[in-house]
Amino acid sequence: MFRAQINANVPIKKGSGKVMAELPFVPHPGEHLMVGDSQSLWEVMKLTYIVHDEFHPKRDFVDLVIEVRQSEQ
């Protein structure tokens, strides 16, 4: 499982544009995810892998940071 922080420019869950999730796979730009309160379809725009070293501030919390936008499908 991959711990992911999913960021959007519109609310995903409880009025926030950020949600934490555990994913069984690594999504790639162009793919879609179902996340949030309404289980809406979100398109992956950008993916950042987190290097787990002593200097990274999120090293204990996430493996990936994923930027998404609401899908038009």
Side-chain angles (χ1 to χ4, degrees):
M1 294 296 264
F2 298 94
R3 296 170 296 170
Q5 174 181 314
I6 301 171
N7 298 329
N9 60 351
V10 295
I12 295 177
K13 185 175 182 179
K14 296 183 183 175
S16 174
K18 178 171 46 171
V19 67
M20 304 297 276
E22 286 199 8
L23 302 175
F25 60 93
V26 175
H28 298 284
E31 294 183 341
H32 294 85
L33 296 173
M34 298 276 290
V35 295
D37 291 336
S38 64
Q39 289 292 301
S40 300
L41 195 60
W42 297 86
E43 181 180 359
V44 175
M45 301 304 299
K46 181 180 173 185
L47 175 74
T48 303
Y49 291 92
I50 301 302
V51 176
H52 290 267
D53 65 14
E54 62 184 283
F55 303 107
H56 199 284
K58 294 184 184 244
R59 69 183 178 276
D60 295 329
F61 304 109
V62 297
D63 302 311
L64 309 165
V65 176
I66 303 167
E67 291 184 30
V68 297
R69 71 174 178 191
Q70 207 158 26
S71 182
E72 298 174 5
Q73 293 181 354

**Request:** Using side-chain contact (heavy atoms from CB on, under 4.5 Å) as the criterion, list what pairs up with Thr48, not counting sequence neighbours.
**Result:**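 Checked Thr48 against side-chain contact (heavy atoms from CB on, under 4.5 Å); matches are Lys46, Val65.
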
**Prompt:** How would you list, by chain and number, every residue that makes a side-chain contact (heavy atoms from CB on, under 4.5 Å) with Tyr49, sequence neighbours excluded?
**Reply:** Val26, His28, Leu47, Leu64

**Message:** By the definition side-chain contact (heavy atoms from CB on, under 4.5 Å), identify the one residue from Val19, Val44, Asn7 that meets it with Ile66.
**Reply:**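 That would be Val44.
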
How close do [X] and [Y] get, counting heavy atoms only, and between which atoms?
{"X": "Pro24", "Y": "Met1", "result": "CA-SD, 3.7 Å"}
{"X": "Trp42", "Y": "Val10", "result": "CH2-CG2, 3.5 Å"}
{"X": "Ile12", "Y": "Gly17", "result": "CD1-O, 3.8 Å"}

**Item:** Pairwise distance CG(Asp63) to CG(Leu23) - rounded to 0.5 angstrom
**Value:** 9.5 Å

**Request:** List the steps and the verdict of side-chain contact (heavy atoms from CB on, under 4.5 Å) for Met45 and Val68.
**Result:** CA-CA 5 Å; Met45 301 304 299; Val68 297; 5.6 Å; no

**Message:** Do Gln5 and Lys18 make a side-chain contact, defined as non-hydrogen atoms from C-beta onward lying under 4.5 Å apart?
**Reply:**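 Side-chain contact under 4.5 Å: yes.
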
**Message:** So that I can tick it off, tell me whether Glu43 and Arg69 are bridged by a salt bridge, with the cut-off set at under 4.0 angstrom between side-chain N and carboxylate O.
**Reply:**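 Yes, Arg69 and Glu43 are salt-bridged.
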
